[in-house]
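These notes concern the structure reproduced below.
Just so we're clear, the structure is a prediction, and the values are computed from it rather than from any experiment.
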Amino acid sequence: MKKTETNRRNTWLRETLSVSRKEAVASSAMTGICDNYLGAFAIFLRASLPQMGQLAALPQLAGALFQLLSVWLCSHFHRRHAIVGGVILQALAVFGMALVALIRPEYSVSWLIGLAVVYHACANFVQPQWRSWMGSLVPARRRGAFFSGRTRLTMITSFAVFALGGATLGWFEQYQLAWAGFFLLLLLASLGRGLSAWQLHKMHDPDQHNLSGGTSFIDTLGRVRESFRHRGFREYSLFFAAMQGAVAISGPFFSVYMLNDLGYSYWAFTGNIGVSILTQFFTLSTWGQICDRWGNRLVMVTSTCMLPLLPALWLVSDSYYYLLSVQIMSGLAWGGFTLSTANYLYELRPARADFASYAAVQSSLSAVFVFFGALLGGYFASVLPQLVALLPTSWQLQHSVVLIFATSSLLRIGIAAWFIPRSVELRVRQRPDIVKVIYRITRFTPGAGVVLDWLTVTRKK
């Protein structure tokens, strides 16, 4: 009887993990498009500079709120049903974006911003529950191999769809039919997420009920308060969130600068972003080796010192090939920053603390700072004409949006100067059983490159 039960478990586990890999490919079709081309789509719809700031800001605030609410809300639903429902709603939001491209109704940009809010709210609502599900599903001894393989599928698919998107938009642009290109891409993204929902529905959940144990919203807020009692975590979280906020000030406007001010085609736009993404892919493992040998603080400080230079370098020249070299440097810097800060968070948390709570608090705090940073960038963009008019004639700028890049650069310098003296080298805790943190690359974005998400912790063999 026991052997039969084991065989049955192995059968559904094998089938579920196979379906999960297919789901990774389907969902990557959506993220490869939506995370990289929504800004370009908003520009095509003639979004104003303040609206570009809102498109970056409002979805982040919704995402932060729904990530904190997820554990509490999902205590009233079966975990798998909550995930599938959130994914279906996200697919419908993307389909709504495709309809905006097709119909182009009045207030198209406002419709896009509203749908982007739903898109990010659903993504952040699903994330903690999906993490809990996969953590309980995949055996500890197989997590490293399974998630590294799944991440490779995700990245290959995302980048292939991203490159295909640039080629599609470039082809339709030649015939003055860019709207058709955006419609087809967003329709593909919606179908991919719809297929993802079907695959998630087919997967087995060993615990049909949610693992949150009925956690209340007050308990969730209590974890936030408890986390911030730790000074090292508090200072690190404020640094990381503030840096993300400073990046958000300029992030939405790189697309504006390339597509509107420099007149890039969609081919050139995709190539510029793609160079940065590829650089990060190829350097992440090298950065990981340096972190292991020399410590995470060295890599974090080095990459933090590089970040303020990145927007400033865009002020030097508008040569296409020069900006490609800047993007290579950007990929190098963001690869080191992303990996070292993720590792640093794990090493920083107090012993026996709940790492999930710490990771969720940091993620939500960063989203709030991104919200205010993007709003500030949007406001700054709205007053650019008045600011430029105040400059002496000899200082008049050909592209006024570069003032936003300079502002972001100055803020990054201040944030780095505040945190670096406060950061300390942390040693990985020595224990009888060493633990290993497993990350997954969730997506890549034009502003901050590859985005890592802590997934689970497992014991090394």
Nearest-0.5 Å distance that lies between atom CZ in R104 and atom CG in L45: 8.5 Å
For V370 against A56, the heavy-atom pair lying closest together: CG1-O, 4.3 Å
Any side-chain heavy-atom pair of N272 and M258 under 4.5 Å: yes
Side chain to side chain contact (heavy atoms under 4.5 Å, CB included) between F419 and M300, intermediate numbers included: CA-CA 11 Å; F419 178 71; M300 185 171 65; 3.7 Å; yes
S237 vs F240 side-chain heavy atoms within contact, under 4.5 Å: no
Any donor-acceptor N or O pair under 3.5 Å, side chains R412, S408: yes
F405 and W314 aromatic ring geometry - parallel, tilted or perpendicular at 30°/60° bounds: perpendicular
Pairwise side-chain contact, T304 with M243, heavy-atom cut-off 4.5 Å (strictly under): yes
Heavy-atom pair of closest approach, residues S196 and E23: OG-OE2, 2.6 Å
Side-chain donor/acceptor of Y320 to backbone N/O of A268, under 3.5 Å: yes
Validation row: D318, D261 side chains within 4.5 angstrom (heavy atoms): no
Could you pull out all donor-acceptor pairs under 3.5 Å where a side-chain atom in residues 163-173 meets a protein atom, sequence neighbours excluded?
unit_1: T168; atom_1: OG1; unit_2: L164; atom_2: O; d: 2.8
unit_1: E173; atom_1: OE1; unit_2: Y266; atom_2: N; d: 3.3

Exercise: identify the closest heavy-atom pair between Y119 and A93: N-CB, 4.2 Å
Donor-acceptor contact below 3.5 Å, side chain T157 vs main chain V25: no
N/O donor-acceptor pair under 3.5 Å between T283 side chain and L332 backbone: no
Approximate separation, where rounding is to 0.5 Å, of L55 CG and Q60 CD: 10.0 Å
Rounded distance [0.5 Å steps], OG in S48 versus CD1 in I43: 11.5 Å
Side chains of V299 and L339 in contact at under 4.5 Å (non-hydrogen atoms): no
Chi angles and distances behind the side chain to side chain contact (heavy atoms under 4.5 Å, CB included) call for V100, F182: CA-CA 10 Å; V100 170; F182 282 113; over 6 Å; no
Y107, OH: over 12 other non-hydrogen atoms inside 6.0 angstrom: no
Heavy-atom pair of closest approach, residues T154 and A24: OG1-CB, 3.7 Å
Side-chain touch L200/W130, heavy atoms, less than 4.5 angstrom: yes
CH2 on W334 to OG on S276, rounded to 0.5 Å: 10.0 Å
Backbone of T338 reached by a side-chain donor or acceptor of T341 within 3.5 Å: yes
Stepwise side chain to side chain contact (heavy atoms under 4.5 Å, CB included) test for L262 and L323: CA-CA 11 Å; L262 300 184; L323 293 179; 3.9 Å; yes
Within-4.5 Å side-chain heavy-atom neighbours: M30 and V161: no
Short side-chain to backbone donor-acceptor contact, R80 and M203, under 3.5 Å: yes
Heavy-atom closest contact (G377 atom, I404 atom, distance): O-CD1, 4.1 Å
Side chain S330, main chain V326, donor-acceptor under 3.5 Å: no
Any donor-acceptor N/O pair, T407 side chain to L403 backbone, under 3.5 Å: yes
Evaluation steps, side chain to side chain contact (heavy atoms under 4.5 Å, CB included), between L185 and F41: CA-CA 11 Å; L185 288 182; F41 182 39; over 6 Å; no
Close aromatic pair by centroid cut-off 6.0 Å: Y37 and F162: yes
Separation of F253 CZ from N260 CG (nearest 0.5 Å): 12.0 Å
By side-chain contact (heavy atoms from CB on, under 4.5 Å) - contacts of S303 (at least two apart): F337, S340
S366 side chain to Q244 side chain, donor-acceptor N/O pair below 3.5 angstrom: no
Greater than 12 external heavy atoms within 6.0 Å of Y322's OH: yes
Side-chain (Q90) to main-chain (C122) donor-acceptor, under 3.5 angstrom: no
Spacing of OH belonging to Y264 relative to CD1 belonging to I273, to within rounding of 0.5 Å: 11.0 Å
Side-chain heavy-atom pair F269, S255 within 4.5 angstrom cut-off: yes
Parallel, tilted or perpendicular, as decided by the 30° and 60° cut-offs, for the rings of Y236 and Y344: tilted
Donor-acceptor contact below 3.5 Å, side chain R193 vs main chain S27: no
Whether S190 side chain and V94 backbone form a donor-acceptor pair below 3.5 Å: no
G96 to L115 - nearest heavy-atom pair and separation: C-CD1, 3.4 Å
